[in-house]
Amino acid sequence: MLASKIFTPTLRDVPAEAEIVSHQLLLRAGFMRKSTAGVYTILPMGHRVINKIIKIVEEEMNKADGQELYLPIIQPAELWLESGRWHVYGPELFKLKDRHNRDFCLGPTHEEIITDLVKKEVSSYKQLPLLLYQIQNKYRDERRPRFGLMRSREFIMKDLYSFDRDEEGLDISYQKMFDAYTNVFKRCGLKFRPVEADSGAIGGNRSHEFVVLAGSGEAEIVYCESCDYAANVERAEAVNAGINPDANPEKMSKVATPNIKTIQEISDFLQVSPEQCLKTLVYLADGKPVAVVVRGDREVNEIKLKNKLDCLELELARDDAVLELSGVPVGSLGPVGLKGIPVYLDEEASLVVNGVTGANEVDHHLINVNYPRDYQAQLIGDFRLVGAGDKCPVCQAELSSARGIEVGQVFKLGTKYSEAMDATFVDEHGQRQYMVMGCYGIGITRTMAAAVEQNYDENGIIWPLAIAPFQVAIVPVSNKDEAQMKAAFSIYRELLKRGIEVILDDRDERAGVKFADADLIGYPLRITVGKKTVKEGTVDIRVRRDGTEMTVPLEQVEQEVMTLIERGK
Ligand code: 9G3
């Protein structure tokens, strides 16, 4: 490909709304453009990257016995009513009507459609297991589309669904997919970690996320260096120390705390550590209030809370709502004598001896508060976020934490959808059984963004070789110099012959501009053809990732490039 021909408009300035590096760089380097909020055009340069990711994904899915198909993007409401999810996802569904006023949605995911297909076409155990997948656009009307391809309203996903006779079959399909995902992200050249994850609203009982490690990522994970345990913090189980047997519960009393509201303020004012304080937050679960109590140094894990409450919507109550519900302003709230709101108590908080809490009275707190002597709870459980320094639930060593971007997730669904939609088969004993399902997704467009988020420097993107739009860029320093252009084209043809993906920057631009663009776009290798080439018969080959540069005689260029590419694989 010639750089003068490829449609890759670069930008000097990025729109202010591009908050993260991958969004900025993919716009600047001409990989994509925004069409409307949360909807992007993928330009040729981006398309090449996407295609490479797709090829790797298809190869690994096929190797794991997946069969590719296309499911419809337009889905009838009836199927979503059958599964019960039309109302669960409500506003996030892109809904439309046909000329007969029938309801449809644009597919946000395809559990319903595929369960309906398989239920109609599969009747015998002999036809199972079945692993079907597609790579296609998905549509979700996100409340807040942001971060470019990370949270867009239209995106490309690979989704595979497995249908098995029983749990043992599902275990095998799940493991196959787990291994295939590991291969995919390895082959893409990404640093990633599979972690235990919450299976969330989609139901089912076991799930892993594949997280591309990047400091800017939204996903927070904890992992153990002594054993294999790794989990998303939403899922990670808290391990709490027991009660300190030496601590003596003292007599509870009330103290005046003028204008003291936050945990930090109370801990400074009374000279107690935040661990000694109890933090009380009021949530609305499908509109009903619940008070959650965690230790002052902890955060509420809303996912765990939501799972326990089994509600559709969970939101923190606004300050005025809390005042109205409890008669107490937020800063003075506490579990002792709290009226009309059930208390969900985090186990660790229940172990605090002589704790400090709001007194449910303006400008007052209680000290020496002890559970269960001084207050009761509707439920004690694990409601807090786990973080670095917490104990590993498997081996008790100290956990470390890292951030990343979730690019894939695998779920054991069990019979949730097959029961809801009556997808059965007849087993070898002539018995009707529900199919046992799994579902497995990879965000293709998100993987491209995550690759950038993990691989860039101040000059631009640094593509991993396997998914780079081109492996090599040839940059002639001066277009006016015919000998240089001749040498550049000769190298270009030789590399093409060997199947190397190469772009020749034949644009009539200054060398500095071409170098800057090559760095911005992020080609793994750059070959500079200049005066030296003409005079001495050498070129410079530069490795984008570490900036190393070597001078190579013309007759060794192809061999050197091949070696570098082999090494980079
Ligand atoms: C919806 C809407 C948004 C959604 C879903 C449904 C997320 C939904 C979870 C999944 C799970 C798996 C297939 C491949 C693997 C992942 N957001 N999820 O089900 F209607 Cl609007 O999509 N799907």
Side-chain angles (χ1 to χ4, degrees), residues 38 57 60-61 64 66 68-96 103-118 131-145 150-163 170 173-174 176-178 180-181 184 194 197-211 218-219 232 234-235 303 306-307 312-313 406-414 416-418 420-421 437-447:
V57 169
E60 293 300 330
M61 291 304 113
E68 192 164 13
L69 45 55
Y70 279 123
L71 296 164
I73 290 176
I74 296 186
Q75 307 188 6
E78 289 78 60
L79 293 181
W80 286 79
L81 290 165
E82 220 176 306
S83 71
R85 297 210 297 172
W86 184 259
H87 299 291
V88 173
Y89 281 100
E92 217 180 312
L93 285 172
F94 264 111
K95 294 177 187 150
L96 60 156
D103 287 309
F104 295 82
C105 67
L106 298 179
T109 176
H110 284 69
E111 281 81 5
E112 282 77 2
I113 284 277
I114 198 139
T115 307
D116 183 58
L117 173 81
V118 173
L131 282 73
L132 301 171
Y133 78 98
Q134 62 167 351
I135 297 173
Q136 199 188 48
N137 285 5
K138 296 275 185 277
Y139 297 85
R140 295 178 182 177
D141 196 358
E142 294 284 345
R143 193 199 302 258
R144 235 189 122 195
M150 293 293 181
R151 172 141 314 124
S152 51
R153 299 197 294 169
E154 178 181 71
F155 58 98
I156 307 174
M157 187 201 266
K158 183 287 302 180
D159 45 328
L160 184 145
Y161 306 86
S162 67
F163 296 82
L170 172 59
S173 296
Y174 189 86
K176 270 188 190 168
M177 280 301 123
F178 188 96
Y181 276 40
V184 164
D198 186 78
S199 50
I202 114 150
N205 40 28
R206 194 164 165 74
S207 176
H208 286 88
E209 276 173 12
F210 287 75
V211 174
E218 276 192 295
N232 187 314
E234 291 172 351
R235 154 84 184 206
I303 302 279
K306 198 169 170 198
N307 287 345
L312 293 180
E313 287 280 344
E406 183 210 329
V407 288
Q409 192 163 8
V410 293
F411 297 86
K412 286 190 181 177
L413 292 170
K416 171 176 159 138
Y417 292 89
S418 44
M421 300 181 67
M437 292 173 57
C439 69
Y440 316 84
I442 292 179
I444 303 283
T445 29
R446 192 187 273 200
T447 297

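For ligands, and for the atoms within them, numbers begin at 1 and follow the listed sequence. This is a predicted model, so every value here is computed, not measured.
- At a 4.0 Å heavy-atom cut-off, ligand 1 touches Arg140 through the side chain alone.
- Remark: ligand 1 atoms within the under-4.0 Å shell around heavy atoms of Tyr161 are 13 (C).
- Every atom of ligand 1 is numbered from 1 in the order shown, and the set under 4.0 Å from a heavy atom of Gly441 is 14 (C), 15 (C).
- Salt bridge Arg151/Glu218: present, at least one basic N to carboxylate O contact under 4.0 Å.
- Counting atoms of ligand 1 from 1 in the listed order, those under 4.0 Å from a heavy atom of Trp80 are 20 (F).
- Contacts of Glu112 classified as side chain to side chain donor-acceptor pair (under 3.5 Å), with partners at least two apart in sequence or in another chain: Ser83, Arg85.
- Between the side chain of Gln136 and the backbone N or O of Leu71, at least one donor-acceptor pair lies under 3.5 Å.
- For Arg153, the salt bridge (Lys or Arg N to Asp or Glu O under 4.0 Å) test picks out Asp141, with sequence neighbours left out.
- Atoms of ligand 1 found under 4.0 Å from any heavy atom of Pro108 (numbered from 1 in listed order, with element): 1 (C), 2 (C), 20 (F), 21 (Cl).
- Under 4.0 angstrom from ligand 1, the non-hydrogen atoms of Glu111 all belong to its side chain.
- In this pair, Tyr174 and Tyr440 present their aromatic rings tilted. The plane angle is within the 30 to 60° band.
- Without hydrogens or angle criteria, Thr445 side chain to Phe155 main chain gives no donor-acceptor distance under 3.5 Å.
- Residue contact check: Leu93 has heavy atoms under 4.0 Å from atoms 20 (F), 21 (Cl) of ligand 1.
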